[in-house]
Amino acid sequence: MRTMYRPAAETLMVAGLLGWGYVALVAVLRPDVLSTPISTVLPIRRDTFGALGLAVSFACACALRARTGTFWVRRAGRPDVVEAGLAGVGGYAFLVWVYLCLNNLSHPMTTGYRLTHFLEYPSEGTTAVLCFVLLSVCLFGLRVRKARHG
C-alpha cells in the first residue's frame, strides 16, 4: 500500500471502531437517546454515526488484511520528540474523550453545558468531538511516521 493509504486505513479502522463502541454503549445504557444528534458540531443521529463508524472500520480492516496480510504493522523504531508528542497528545485526548463519553451516558443533559467554569466555550459535547478528531489526527501522524521511517 502507498505510504499514506495504510496509515489512513489504520486510523479510520480504529476511529470507526471507537465511534461504534461509544454508540454501542449508548444503545445498551441509554437507548432513548439513539435518535438524537451526536453533537452540535456533527449533527447526525447517534445510531447513524455508529453504523457509519462500524462500516468504515470494517471496510478498512478488510482492505488492510487483503492488501498486506495484517491489520496493523508494528515496527520497532527510534522514538523522537515528535513521536512522543503525538503519542502523548493522542493518549490524553483519548482519556478525555472516554471520560466525556461515559459522562454523557450518565448525565446526557450536560452535553451542551460548558466544559469548565473558566470559559464559556467549548461545551462538553464539542470537546468530546474535538478530542476524537485530535486523537485521530495524532494516530494518523504516528502511523505515517512508522510507515515512512520504520
Asks: Do the side chains of Leu139 and Leu17 join up, straight or via other hydrophobic residues, at under 4.5 Å, putting them in one cluster?
Replies: no
Asks: Between Glu83 and Lys146 (salt bridge meaning N to carboxylate O under 4.0 Å), is one present in this structure?
Replies: yes
Asks: Report yes or no: do Tyr113 and Leu130 belong to one cluster of Ile/Leu/Val/Met/Phe/Trp/Tyr joined by side chain heavy-atom distances under 4.5 Å?
Replies: no
Asks: Nearest heavy-atom pair of Ala128 and Leu100: which atoms, and what distance?
Replies: N-CD1, 3.6 Å
Asks: Check whether any side-chain N or O of Thr126 sits under 3.5 Å from a backbone N or O of Pro122 as a donor-acceptor pair, and report yes or no.
Replies: no
Asks: Quick check: do Leu18 and Trp97 have side-chain heavy atoms less than 4.5 Å from each other?
Replies: yes
Asks: If you count the non-hydrogen atoms of other residues, nucleotides and ligands that lie under 6.0 Å from CH2 in Trp20, is the total more than 12?
Replies: no
Asks: Side chains of Leu119 and Arg114: does their closest heavy-atom pair fall under 4.5 Å?
Replies: no
Asks: Distance check, rounded to the nearest 0.5 Å: Asn104 atom CG versus Tyr99 atom OH?
Replies: 11.0 Å
Asks: In Å and rounded to the nearest 0.5 Å, what is the CG to OG1 distance from Leu142 to Thr11?
Replies: 8.5 Å
Asks: Within the structure provided, determine whether Met4 and Phe140 are in side-chain contact (heavy-atom separation under 4.5 Å).
Replies: yes
Asks: With a 4.5 Å cut-off on side-chain heavy-atom distances among I, L, V, M, F, W and Y, is there a chain of contacts connecting Leu12 to Leu135?
Replies: no
Asks: Do Leu42 and Ile44 have side-chain heavy atoms sitting under 4.5 Å apart?
Replies: yes
Asks: Could you measure the distance from the CZ atom of Arg30 to the NE2 atom of His107? Nearest 0.5 Å is fine.
Replies: 10.5 Å
Asks: So, for Ser35 and Arg45, which heavy atoms are closest and what is the spacing to 0.1 Å?
Replies: O-CG, 3.3 Å
Asks: Taking all atoms of both residues into account, what is the closest heavy-atom pair of Leu86 and Gly141, and its distance?
Replies: CD1-C, 3.8 Å
Asks: Output the distance between atom CD (Glu10) and atom OH (Tyr5), rounded to the nearest 0.5 Å.
Replies: 15.0 Å
Asks: Closest heavy-atom contact between Val89 and Cys138?
Replies: CG1-SG, 3.7 Å
Asks: Calculate, to the nearest 0.5 Å, the distance between atoms OG1 and CG belonging to Thr127 and Asn103 respectively.
Replies: 11.5 Å
Asks: Treating Ile, Leu, Val, Met, Phe, Trp and Tyr as nodes and any side-chain heavy-atom pair under 4.5 angstrom as an edge, say whether Tyr92 and Leu134 lie in one connected cluster.
Replies: no
Asks: What pair of heavy atoms forms the shortest contact from Ala9 to Cys60, and how long is it?
Replies: O-CB, 3.4 Å
Asks: Should Ile38 and Phe94 be regarded as members of a common hydrophobic cluster, given that ILVMFWY residues are connected when their side-chain heavy atoms come within less than 4.5 Å of each other, either directly or indirectly?
Replies: yes
Asks: Keeping the roles fixed (side chain from Ser57, backbone from Gly53), state whether a donor-acceptor pair exists under 3.5 Å.
Replies: no
Asks: Just so I know, are the side chains of Leu34 and Val23 near enough to count as touching, which here means a heavy-atom distance under 4.5 Å?
Replies: yes
Asks: Would you call Asp80 and Arg145 a side-chain contact if the rule is heavy atoms closer than 4.5 Å?
Replies: yes
Asks: Please report the interatomic distance OG(Ser136) to CZ(Arg143), rounded to the nearest 0.5 Å.
Replies: 13.5 Å
Asks: Can you name the closest pair of heavy atoms from Gly112 and Ser123 and give their distance?
Replies: O-CB, 3.7 Å
